[in-house]
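Heads up: the structure comes next, in structure tokens.
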Amino acid sequence: MPRLDDKLWRDMMAHLRRKHASICRQWFDELEPIALEGGLLRVRTTNSIQQNYLQKRCLEPFNDAAQAVTGALIAVRFEHHQTAAGPADHHKAESNGAATVETPAAAVAETKPAVPPQTLEIDVSDPMEPPAFSVTSDNQRIDNNGQAIELSDDFVLSPDYTFSNFITGPNNQLAYAASVAVANQPGTAYNPLFIHGGVGLGKTHLLQGICQAILTQRPETRIVYVSCEAFMTQFIESVQRGQMLQFRHRYRYADMLVIDDIHFLSSRERSQEEFFHTFNELYQANKQIVLSSDAAPSEIPHLEERLMSRFQWGLVANVTKPHFETRVAILRAKAKLRGVDVPDEVIAYMAQRIDSNARELEGAITNVLAHAALGGRPIDLELAAEALGDQINQPRSNHATLQQIIDVVTGYYSVKLSDLQSRRRHKSVTEPRQICMFLARRHTRYSLEEIGGHFGGRDHTTVMHSIKTIEERSQVNDGFAREITALEERLDQAPATPRP
Ligand SMILES: Nc1ncnc2c1ncn2[C@@H]1O[C@H](COP(=O)(O)OP(=O)(O)OP(=O)(O)O)[C@@H](O)[C@H]1O
């Protein structure tokens, strides 16, 4: 069995940088190998957010690196503080009916000195006691007793999504300032905080930033953080299983409720009703509510008036596309996070070419770094042009977003999104609406039902009828066919988005 020494660890890191560049982060330097025994390499993380993240998102590349550099079958395990305890301690924690979750007390140690780690317990023994702490996720399920909380594999807080890693500019200043204020004074500064904007513009980053800052300052805070879809799924399952008491218990005992993509409530009457009561109860108890959405409250189709007005009670902050200077700063920050220096001219080149959103900028950095690592080449303009060639000239077919379609169509026909989503039947509105549906079907992967939902909660037969109408008209009317082609060309010229 190979011995654990500095060289082995250095080789592993080098292997990761070479073969798995996209996962590598500067903070990997803080990881500390503890022991290599019985085919298990134990690695200590600085905080529990890192531990969770690495264990769930990066285990395979680390296993691969360990095996590649030793030639032995080795599994990696990430540990942090008490979880690094021996099996006896672990058994003790399990046997008293409590699942232990460590708070990320030192996680955002950027602003505060490290404090001793604290262990929180999700007590599964008393069904009427609220859990001490929960970060719930899409796949979390209430168990048969309605109490134990299971953290899913596909959701973790990302150590990258902190306030200090968030680049501000005119496009997101208000949303950022409000998020920091909420983290400092939950329940009082702005309640609810409603952040809306297009894809990849940092809404989730801010939501997680708030959670991480609060957990650092007030580790005892009970945060429930779910996607809107998870909220609705849990609601439906709870109704079906007769577990509404537990469902309400979970949500209404929270100190802070964070819901991503709240626009999915659109047209979901029963979920809206349930959320309305959850909102009221938390709001009246001065508990913080943070929501993100792809549209402003007034533009979410089929949202009850009473919910729409409540969403506007606190602060509604919009995030928009970053300007050139902000894009440059985001690219620099993303490169730094990966522990790599990218020359200014390359950064400027990328910022000029990619002007849509931060997710694309991040994807571009990843792409360039992967090219450099795999080819063992320096990062220069030639490499960047080569690496981004695909992305810049990528054919658009099937990769447009709904937002791009809406932007193109509303711009071309001078109509408003709210008109497209309304019940209005005037030709000046119905035609652009039908074209949107037609383009959405051709250029995105949304289902007929989802497309209908987005354009005013129309059902799939309406969408099918719209598509057929546009197809038939294009066949018999050359002028109209040219209009559609022109719109598709505009879509082609819209900035590329990453593939889903
Ligand atoms: N201002 C910013 N500074 C640094 N990184 C950013 C910024 N805005 C977005 N990002 C990064 O871009 C990526 C996408 O951001 P995020 O997931 O928060 O977008 P989103 O608005 O929630 O998009 P979606 O609606 O598609 O879920 C993340 O990696 C995030 O860190």
Side-chain angles (χ1 to χ4, degrees), residues 22-27 49 53 57 108 110 137-138 154-180 193-212 225-230 258-264 266 290-296 299-300 317-338 347 350-351 354-367 369 399-404 406 444-446 454 495-500:
S22 65
I23 67 150
C24 292
R25 296 291 183 272
Q26 198 176 27
W27 52 263
I49 289 181
Y53 179 84
R57 292 282 154 86
V108 195
E110 317 140 344
S137 70
D138 289 14
D154 64 349
F155 179 88
V156 288
L157 287 180
S158 167
D160 295 351
Y161 292 179
T162 59
F163 285 151
S164 63
N165 286 337
F166 192 81
I167 303 298
T168 56
N171 62 313
N172 58 25
Q173 189 65 52
L174 177 66
Y176 172 77
S179 300
V180 173
L193 172 60
F194 189 102
I195 301 177
H196 70 96
V199 296
L201 293 175
K203 301 181 297 295
T204 302
H205 189 137
L206 285 174
L207 261 46
Q208 292 206 14
I210 295 172
C211 291
Q212 297 197 41
Y225 178 178
V226 286
S227 68
C228 186
E229 276 178 311
V258 183
I259 301 199
D260 223 339
D261 293 334
I262 196 73
H263 55 272
F264 279 115
S266 166
V290 183
L291 306 170
S292 83
S293 162
D294 73 354
E299 297 202 331
I300 301 177
N318 190 11
V319 285
T320 56
K321 287 185 184 181
H323 297 165
F324 177 76
E325 292 76 12
T326 313
R327 298 202 296 276
V328 165
I330 290 175
L331 285 164
R332 282 213 183 97
K334 297 294 176 193
K336 186 164 170 240
L337 196 62
R338 285 158 177 75
I347 294 274
M350 295 169 74
I354 300 164
D355 66 355
S356 47
N357 64 54
R359 182 174 292 129
E360 283 198 34
L361 293 170
E362 185 161 31
I365 278 284
T366 305
N367 208 349
L369 299 190
H399 294 114
T401 64
L402 268 184
Q403 192 57 49
Q404 287 168 335
I406 289 164
T444 74
R445 292 178 186 165
Y446 288 106
H454 205 83
T497 51
R499 289 154 204 232

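Whatever order the structure lists them in is the order used to number ligands and atoms, beginning at 1. Values in this document were obtained by computation on a predicted structure and should not be read as measured data.
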To the nearest 0.5 angstrom, please state how far the [atom1] atom of [X] sits from the [atom2] atom of [Y].
| X | Y | atom1 | atom2 | value |
| --- | --- | --- | --- | --- |
| Gln212 | Ser158 | CD | OG | 7.0 Å |
| His454 | Ile300 | NE2 | CD1 | 10.0 Å |
| Asp294 | Ile262 | CG | CD1 | 11.5 Å |

Q: Under the side-chain hydrogen bond (donor to acceptor under 3.5 Å, both in side chains) rule, collect the residues that match up with Ser292, sequence neighbours excluded.
A: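 With sequence neighbours excluded, Ser292 shows a side-chain hydrogen bond (donor to acceptor under 3.5 Å, both in side chains) to Asp260, given in chain and number order.
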Q.
Tyr161: which residues meet the ring pair (Phe, Tyr, Trp, His ring centres under 6.0 Å) condition with it, sequence neighbours left out?
A.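 Scan of Tyr161 (ring pair (Phe, Tyr, Trp, His ring centres under 6.0 Å), adjacent residues dropped) gives His205.
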Tabulation required: pairs of a nitrogen or oxygen in ligand 1 and a protein nitrogen or oxygen under 3.5 Å; columns are atom names and distance to 0.1 Å; otherwise 'none'.
from     : atom 1 : to     : atom 2 : distance (Å)
ligand 1 : 1 (N)  : Ile167 : O      : 2.7
ligand 1 : 1 (N)  : Asn172 : ND2    : 3.3
ligand 1 : 3 (N)  : Ile167 : N      : 2.9
ligand 1 : 5 (N)  : Lys334 : NZ     : 3.1
ligand 1 : 17 (O) : Arg359 : NH2    : 3.0
ligand 1 : 18 (O) : Lys203 : N      : 3.4
ligand 1 : 18 (O) : Thr204 : N      : 3.1
ligand 1 : 18 (O) : His205 : N      : 2.8
ligand 1 : 19 (O) : Gly202 : N      : 3.2
ligand 1 : 21 (O) : Leu201 : N      : 3.1
ligand 1 : 21 (O) : Gly202 : N      : 3.1
ligand 1 : 21 (O) : Lys203 : N      : 2.9
ligand 1 : 21 (O) : Lys203 : NZ     : 2.8
ligand 1 : 22 (O) : Thr204 : N      : 2.9
ligand 1 : 22 (O) : Thr204 : OG1    : 2.7
ligand 1 : 23 (O) : Gly200 : N      : 2.8
ligand 1 : 23 (O) : Arg359 : NH2    : 3.3
ligand 1 : 25 (O) : Lys203 : NZ     : 2.9
ligand 1 : 26 (O) : Gly200 : N      : 3.4
ligand 1 : 26 (O) : Arg359 : NH1    : 3.0
ligand 1 : 26 (O) : Arg359 : NH2    : 3.3
ligand 1 : 29 (O) : Tyr161 : OH     : 3.3
ligand 1 : 29 (O) : Glu362 : OE1    : 2.3
ligand 1 : 31 (O) : His205 : ND1    : 2.7
ligand 1 : 31 (O) : Lys334 : NZ     : 2.9

(Q) Suppose we screen for salt bridge (charged side-chain N to carboxylate O under 4.0 Å, His left out). Which residues come up paired with Asp261, at least two apart in sequence or across chains? (A)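 Checked Asp261 against salt bridge (charged side-chain N to carboxylate O under 4.0 Å, His left out); zero matches.
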